[in-house]
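Some notes on the structure that comes next.
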Amino acid sequence: MTKTIAVIAGDGIGPEIVGEAVKVLGKVAEKFGHDFTFNEKLVGGAAYDAFGDCLPDDTLAVCKSADAILLGAVGGPKWDALPGPQRPEKRALLTLRKELGLFANLRPAKVWPPLKGASPLKDEIIGEGLDLLVVRELTGGVYFGEHTRAADGQSALDKMPYSVAEIERIARVAFESARKRRRHVISVDKANVLETSRLWRETVQRLHDAEYPDVALEFMYVDNAAMQLVRAPSRFDVLLTENMFGDILSDEASQITGSIGMLPSASLRADGFGMYEPIHGSAPDIAGKGVANPLATILSAAMMLRHTFGLGEEADAVERAVGKVLESGVRTADLGGSASCAEIGAAVVAAL
Ligand code: NAD
Ligand code: IPM
Ligand code: MN
C-alpha cells in the first residue's frame with residue numbers, strides 16, 4: 001500500500017514523540033511491504049517563529065492532500081501572549097480540525113495489564129478493569145462559538161452553539177462504536193442547566209430509539225461522570241460527549257490508566273480521513289529532556305493504520321509490540337521508570 005502521511009510535530013515534546021512514531025511506522029512499512037512517504041511540515045509555535053503564522057498555507061495544503069496526518073502537539077508559554085485567534089491552539093489545532101471536517105474524536109482509554117500498578121486507583125477498583133472509548137464531538141460547541149470581550153474589558157462572552165445535525169452525526173459514531181464493543185453508551189451532558197445539553201439529550205434519545213435500540217443508553221451529568229470515572233471505571237464502555245466535556249473527561253480517564261502519555265486519539269471525517277495525535281499537550285515542563293513517553297503517539301499511529309488505512313493486522317502488530325515493551329518492564333518517568341523517549345521507541349521497533 002502506498003500512502004503519504006503529513007507529519008506535523010509541533011512544539012515542546014512534539015518533535016521527540018513524533019520522531020519515535022515515525023520510526024515505528026517506517027518499521028511497519030518495511031515489515032509488511034508498504035510504501036509510506038512522510039511529508040514533514042512546521043505547525044504551531046514553531047511555524048509562528050519561522051513564518052509568523054501557526055498554520056502556514058503550505059502546511060495546511062500538505063495536510064489536506066495527504067492520506068492522513070500525524071500530529072505531536074502545539075502551544076507553550078512562549079506563545080501564550082499572542083491574541084486568541086493567532087495562538088497555536090486556535091490558529092493551528094482548531095483550524096485544522098474545522099477546515100478538515102474532523103468532527104469525531106475517538107479517545108480509547110484502557111489499563112494495560114502490566115501497568116495496573118501505575119494507576120492511582122486502589123487495586124480493588126482498578127482490578128475490575130478499565131476499557132472505555134470517549135467519543136468526543138470535535139468541531140462544535142463552545143470551542144467554535146463566538147468569543148468576545150466587552151469594549152470596557154469588564155466582561156466576556158463565549159457562545160456554545162449546537163445543532164441537531166451536529167449532535168446526530170457524533171451520536172451515530174458513538175452507537176456504531178458501541179456495537180463493536182459492549183453495546184453500552186453513556187451520554188454526558190449538563191441538561192439540568194444548559195439548553196444545548198437538553199437538545200443533546202432529546203436528539204441522542206430519538207436517534208437511539210429509531211435506529212439503535214440494541215445498544216443500551218444512559219444519560220449522566222458531567223459532574224457525576226467525573227466522579228463515577230474514579231469510583232467505578234469499569235462500568236463505562238462508550239462515553240459520548242460534546243467538545244469541552246470530552247476534553248476534560250479524557251484527561252481524567254488517561255490518568256486512571258497510569259499516565260496521560262499512554263492515550264492516543266483519532267480525529268475523523270465522515271469519509272475516514274483522519275488526524276492522529278496523543279491526547280496530551282506539548283508538556284513544556286519536560287520538553288527537550290528526552291524523557292517524554294512516546295507511546296500515546298505510537299498508539300495514535302496504530303489508530304491511523306486501522307481507521308484510515310484499513311490495515312488492522314499492522315495496527316494489531318504495533319499494539320502487541322507496545323504490550324511486549326510494557327511487559328518487559330522498561331518505561332518512561334511518567335510511569336515510574338527511567339527509560340528515555342528514544343529507548344522506548346527503539347524497543348517498540350525491536351518488538352515489531
Ligand atoms: P500537557 O498535556 O502538555 O501536560 C500536562 C502534564 O502531563 C505535564 O506535567 C506534562 O509533563 C505531562 N505529560 C504530558 N504528556 C506527556 C508525555 N507524553 N510523557 C510524559 N509526561 C507527559 O498539558 P498542559 O501543560 O496543560 O499544556 C501544555 C501546552 O500544550 C499548552 O500550550 C496547551 O495549550 C497545549 N496543548 C496542546 C494539545 C495539542 O496540541 N493537541 C493538547 C493539550 C494541550
Ligand atoms: C486536546 C487539547 C486541545 C483541546 C487544546 C490544546 C485546544 O487540550 O486536544 O485535548 O482542548 O481540544
Ligand atoms: Mn485536552
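Counting convention: from 1, in listed order, for ligands and their atoms alike.
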Please indicate whether Arg198 has more than 12 foreign heavy atoms, meaning atoms of other residues, nucleotides or ligands, lying under 6.0 Å from its CZ. yes
Decide whether the shortest distance between a heavy atom of Ala292 and an atom of ligand 1 is less than 4.0 Å. yes
Can you check which of Val291, Ile260, Asp334 brings a heavy atom nearest to atom 12 (C) of ligand 1? Ile260
Could you tell me the residue and atom name of the protein heavy atom closest to atom 34 (O) of ligand 1, and the distance to it rounded to 0.1 Å? Glu89 OE2, 2.5 Å
A student comparing Asp285, Ile279, Asp80, Asp11 should find that the heavy atom closest to atom 8 (C) of ligand 1 comes from Asp285
Should the pair Phe36 and Phe38 be assigned to parallel (<30°), tilted (30 to 60°) or perpendicular (>60°) ring geometry? perpendicular
Return a yes/no value for Leu71: is any of its N or O atoms, backbone included, closer than 3.5 angstrom to an N or O of ligand 1? no
Going by the side chain to side chain donor-acceptor pair (under 3.5 Å) test, which pairs reach into residues 6-22, not counting sequence neighbours? Glu20-Lys23
Pick from Leu295, Ile286, Leu93, Asn293: the one approaching atom 22 (C) of ligand 1 most closely through a non-hydrogen atom: Ile286
So, regarding His280 and ligand 1 (criterion: nitrogen or oxygen to nitrogen or oxygen, under 3.5 Å), is there a contact or not? yes
Write out each pair where an N or O from ligand 2 and one from the protein are under 3.5 Å apart, with the distance.
unit_1   : atom_1 : unit_2 : atom_2 : d
ligand 2 : 8 (O)  : Asp247 : OD1    : 3.2
ligand 2 : 9 (O)  : Arg97  : NH2    : 2.7
ligand 2 : 9 (O)  : Arg107 : NH2    : 3.0
ligand 2 : 10 (O) : Arg107 : NH1    : 3.3
ligand 2 : 10 (O) : Arg107 : NH2    : 3.0
ligand 2 : 10 (O) : Asp247 : OD1    : 2.9
ligand 2 : 11 (O) : Tyr143 : OH     : 2.5
ligand 2 : 11 (O) : Asp247 : OD1    : 3.4
ligand 2 : 11 (O) : Asp247 : OD2    : 3.4
ligand 2 : 12 (O) : Arg97  : NH1    : 2.7
ligand 2 : 12 (O) : Arg136 : NH1    : 3.3
ligand 2 : 12 (O) : Arg136 : NH2    : 2.8

Please indicate whether any nitrogen or oxygen in Gly281 is less than 3.5 Å from any nitrogen or oxygen in ligand 1. yes
Does any N, O or S atom in Asp251 come within less than 2.8 Å of the Mn ion (ligand 3)? no
Short N/O distance, under 3.5 Å, between Pro278 and ligand 1? no
Atom name, Asp247 (N, O or S, nearest to the Mn ion (ligand 3)): OD1
What about Glu277: any of its N or O atoms under 3.5 Å from an N or O on ligand 1? yes
Between Trp200, Phe144, Tyr143, which is the residue that forms a ring-ring contact (aromatic ring centres under 6.0 Å, His included) with Tyr162? Trp200
Using a 3.5 Å cut-off on N or O atoms only, is Ile17 in polar contact with ligand 1? no
What I want to know is whether Ser282 and ligand 1 share at least one N or O pair that is separated by under 3.5 angstrom. yes
